[in-house]
Amino acid sequence: MKKLLALVAIASLVLPFLPNGIYVAVPVWIALLAIGYKVNKAFTLHFLSRLLDAFIVLFVVLIITVAMFGGTIAQIKKQMIIDMVKRQVASNPQLAQQLGPKIKEYIQQTAEKLIKAEGLDKPWYMNLPMYLSSVITLDLKSQVLTSNSGSRLVRDIVMERLPRTVLLFTTATIITIIIGVLLGLLAAKKRGSIFDKIVTVFALVTASFPMWWVGMLMLELFSYELNLFPSGGMTSVPPPKQPLAYLADLLWHMALPVMTIVLVSFGGWAYVTRNILLGVLKEDFVLAARARGLLEKTVLFKHVLRPSLPPIVTMMALSIVASLSGAIITEIVFNWPGMGMLFWEAIETLDVPVILGLTYIFTLVFVIAMLILDIVYAILDPRVRKG
Amino acid sequence: MSQKAGALGVIILAVLIALAIWAPIQYGKYYAYWRNTSYWSLYPKAVPPDWVSLFSSKKLPPTIFLKPSNVTQKSLYHGLAKEITYKFEVNFNYDEPPNDVIFVLNVKYQKPPAIMIYVTRPDGETVKILQGSASSLNNVIQINNDQSVKDNIYSWLLSKGLNVSSPSAIVPTDAIFCKLSNGCWNNPQVLKGKYVFTIKMIGLGNFTAKPLVDLTGKTYGLMGTDVFGRDIFIYVMLGLPYGLAVGILASVIAAFFGTIYGLVSGYFGGIVDKIMQRILEIWYSIPALPLLILAAIVFRPSIWLITVFIAIFAWMGVGKVVRSMALQLRNEGYVVAAKAAGASDRWIMLKHVLPQLLPYTMAQVALGVPGAILTEVGLDFLGLGDPNVPTWGWLLHDANVYGATVNGYWWWVIPPGLMAALVGLAFALIGYAMDVILNPRLRER
């Protein structure tokens, strides 16, 4: 029953992406929550409270953003209206002929009327709902940047970049977690050994390195000196046509940035995992398990690693915060055409709508990642799962 | 192990602080030249440090600033005119010619004197480099970019019977410093020995001059130069006080706020604690860098404001640690006793709970410094920091913008990042040592 429910819940996440799917999705979700409440009250409540948190975070970030950029958004919206009126006039030669020399006056007057009608002449806090909605739906025109297809809608520009960042960052994070947790396990098992000390020192040293700086050095060494990896970008130009060749090309371009992120992050992971495991190792039940004569391997995996997983997941959430900011800048160094690179381009050209959209999407991705980790935590922690 | 680590951290930090005090005293005047590229025009552009010669089979010429070794003054036409001759001697024993030779004339006059510049080579050849009136010559002459220098050297090479096609094929420094042969003007075998540059000025009436000759080298200083000619060592050192100050200040502000927050939250417990922890967790889930970027774009802040911004997104860790400690301490006997004696909450928090927490706060301050420095360096790298302050992040920003990685200017990339890492490491070591001492669970058995 529980597993079925979970499967249905995951499957329902596809719904909003279907045409008009949101109207199906909302009732389905409410129904799921209701059933979930019946089946497992504690878990559902935990989930709901985290969902609320996520919304609060998004809302706070949006308010801060809009408060800082309210004036600029108003400017952009006004410009959009003026452009629209101009286009209307241009597409209507009869009207243009009729107006003759008064055409500028007409455009200005019409635009002013529309601006007044939309309330754009009022201060930003009066227009908060409108600004919020235009950031949430990413319904702003960029000032300079365009998407690959030539669209100037922020939604198109950002959505084109989002999968690339997710691809790079997720790959690197998964590799980091695997290496980090395994090394942490080994270090905890052999605590006080040379290996343990090396892990600790490595963690301390790499934690102080700016990730993107390491990226610059990696580029210089592996790309320009040794010519082993490409110097940036996501694919060769032009990209290979065959799917397999394309994949290989992509992986080849991903190798250096992924190596950079992993190299800088896994030490910290190993160290934190080691500390959490050391705490558990001192518990009485571990002593008891050993006293019963269980194999060291069984003790480590069944009695030590299992109760350590929830705090490790918590650490995951925190370290992802740290490495995500590093990853933004790392993309710039490697010319990886993701959201971080877009941030750089938008800053260089001071393209405010794109910056707003990026901040919003970053927060959204971030909040969703945290939410997923929270759910994983709840599943791993029997106190939350069983209620 | 933790004690050794802590001691190492303290030693590194002490050295860094000493350097941070020494650098502004020694190089303080260079703060003004940070964005002044014309000041650095006398320096070679993007050359590696001097010590690369040690690892090279060739002995590369460093940058040499020459002062006149000999000044002679003659009066001509019964004192109506005078002639001043400045001689600049240099023993040039390197395997490559200099990058460029720069003459700075610094002439002050009523009537412009005539100026002649020539060089006497170790083989006795005297080559005219430039001739002209002080009013027609630039004050700073870079011979490799000067057409009339090329013309002069062209005619000299022709007079030696060499087969040179046109003046534009000549690299003047290569021609001046080469063993004469066909093709030596752009692919030279260096003629080693004593070179004497002579600047002769003849003029009516009174004039004064303070000429300089500068052989810009293939290497420079301890850490080389960037594409503007700026001395990277100087600016890495001048960035140190700012790096330390930003890291420590941001961390201290964050720890101060976090301690108060955690103290109140943990001490009162109950509903207050619940609400405050919820706020803290929400704050945790706000991605700091995008918001810092926004703030930097809107406010164009000074470096100190940036420090405060960084602290705003860094206090939560301290808050959490302090709160969990305060939760335990509030049930201790002496706290209960103080309460029974009628002490106010504020008194108990400040006098009984806070002192117990301070060591943990200190550890958190140390552990927070690396993160604060990384954030600041990152913001500068994005070009959003305070442009008037020479920081490591700005050095790396410029390195990235001017393609230091593409061109292999490693001396421009490594030192700033390494310094940031070193400061971070010192505090990480200290924080780690304190953490292990304070946190018995981490102690090795």
Side-chain angles (χ1 to χ4, degrees), chain A residues 49 53-54 56-57 60-61 64-65 68-69 72 191-192 196-197 200-201 203-205 207-214 216-217 219-221 223-225 231 275 278-279 282 317-318 321-322 324-326 328-329 332-333 343-344 347-348 350 352 355-356 358-360 362-363 365-367 370, chain B residues 1-2 5 9 278 281-299 317 370-371 373-375 377-378 381-384 392-393 396 399-400 404-410 413-414 416-418 420-429 432 439 441-445:
Chain A
S49 88
D53 275 2
I56 294 176
V57 169
V60 167
V61 170
I64 296 177
T65 333
M68 283 202 278
F69 281 100
T72 327
R191 63 186 167 281
D196 183 23
K197 280 173 188 164
T200 307
V201 169
L204 285 174
V205 171
S208 336
F209 286 161
M211 184 192 281
W212 42 273
W213 174 70
V214 176
M216 287 171 100
L217 297 185
L219 259 186
E220 204 163 311
L221 182 63
S223 178
Y224 294 107
E225 295 290 328
S231 62
N275 284 353
L278 276 188
K282 285 180 189 172
L318 296 183
V321 183
L324 191 61
S325 345
I328 293 179
I329 311 181
I332 297 166
V333 171
F343 239 126
W344 169 263
I347 291 168
E348 292 279 285
L350 265 184
V352 175
I355 296 173
L356 289 179
L358 273 175
T359 311
Y360 166 63
F362 250 113
T363 317
V365 169
F366 191 73
V367 161
M370 298 293 241
Chain B
M1 165 127 172
S2 65
R278 198 61 176 268
E281 258 163 43
I282 288 171
W283 207 262
Y284 241 132
S285 339
I286 295 179
L289 191 66
L291 282 188
L292 284 173
I293 290 175
L294 287 187
I297 291 173
V298 175
F299 299 114
I373 289 178
L374 290 192
T375 312
V377 173
F381 179 79
L382 289 171
L384 294 169
W392 301 320
L396 289 168
N400 192 47
T405 40
V406 186
N407 296 311
Y409 302 154
W410 50 267
V413 178
I414 294 178
L418 207 58
L422 204 60
V423 176
L425 181 67
F427 282 100
L429 286 171
Y432 161 77
N439 209 341
R441 276 154 81 98
L442 300 181
R443 234 175 267 162
E444 293 122 20
R445 264 189 258 184

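In what follows, every chain begins at residue 1, and chains take the letters A, B, ... in the order their sequences are listed. Source: prediction; values computed, not measured.
The shortest heavy-atom contact between A/Thr359 and B/Pro290 is CG2-CB, 3.9 Å. The minimum heavy-atom distance between B/Arg278 and A/Ser49, with the atom names listed, is NH2-O, 3.0 Å. Here the shortest heavy-atom pairing between B/Trp410 and A/Glu220 reads CB-OE2, 2.8 Å.
No side-chain heavy atom of B/Asn400 sits less than 4.5 Å from a side-chain heavy atom of A/Trp212. Using a 4.5 Å heavy-atom cutoff, the side chains of A/Ile332 and B/Leu382 are in contact. Put simply, the side chain of B/Leu418 reaches to within 4.5 Å of the side chain of A/Trp213, judged on heavy atoms.
Residue contact with chain A, scored on non-hydrogen atoms closer than 4.5 Å, involves the backbone of B/Tyr409 exclusively. Contacts of A/Ser223 with chain B are absent, with no heavy-atom separation under 4.5 Å from either backbone or side chain. With a 4.5 angstrom heavy-atom cutoff, A/Ile64 touches chain B only via side-chain atoms. Only the backbone of B/Ala404 comes within less than 4.5 Å of a heavy atom in chain A; its side chain stays farther off. With a threshold of 4.5 angstrom between heavy atoms, A/Val214 does not approach chain B through any atom at all. Looking at A/Phe209, both its backbone and its side chain come within 4.5 Å of chain B, counting heavy atoms on both sides.
With chain A as partner, the option from B/Leu384, B/Ile293, B/Val423, B/Ile373 having the largest number of non-hydrogen pairs under 4.5 angstrom is B/Ile293. The greatest number of non-hydrogen atom pairs below 4.5 Å with chain B, out of A/Thr363, A/Val367, A/Val365, A/Val333, is found for A/Thr363. With chain A as the partner, the residue from B/Val413, B/Leu289, B/Leu422, B/Leu294 showing the most heavy-atom pairs under 4.5 Å is B/Leu294. Of the listed residues B/Ala420, B/Gly417, B/Gly424, B/Pro370, the one with more heavy-atom pairs under 4.5 angstrom with chain A than any other is B/Gly417. Among B/Thr405, B/Leu291, B/Val377, the residue with the largest count of heavy-atom pairs under 4.5 Å with chain A is B/Thr405.
With sequence neighbours excluded, the residues that form a side-chain contact (heavy atoms from CB on, under 4.5 Å) with B/Thr375 are B/Leu292, B/Ile310. Residues passing the side chain to side chain donor-acceptor pair (under 3.5 Å) test with B/Glu281 are A/Arg50, sequence neighbours excluded.
Rounded to the nearest 0.5 Å, atoms CE (A/Met370) and CD1 (B/Ile282) are 11.5 Å apart.
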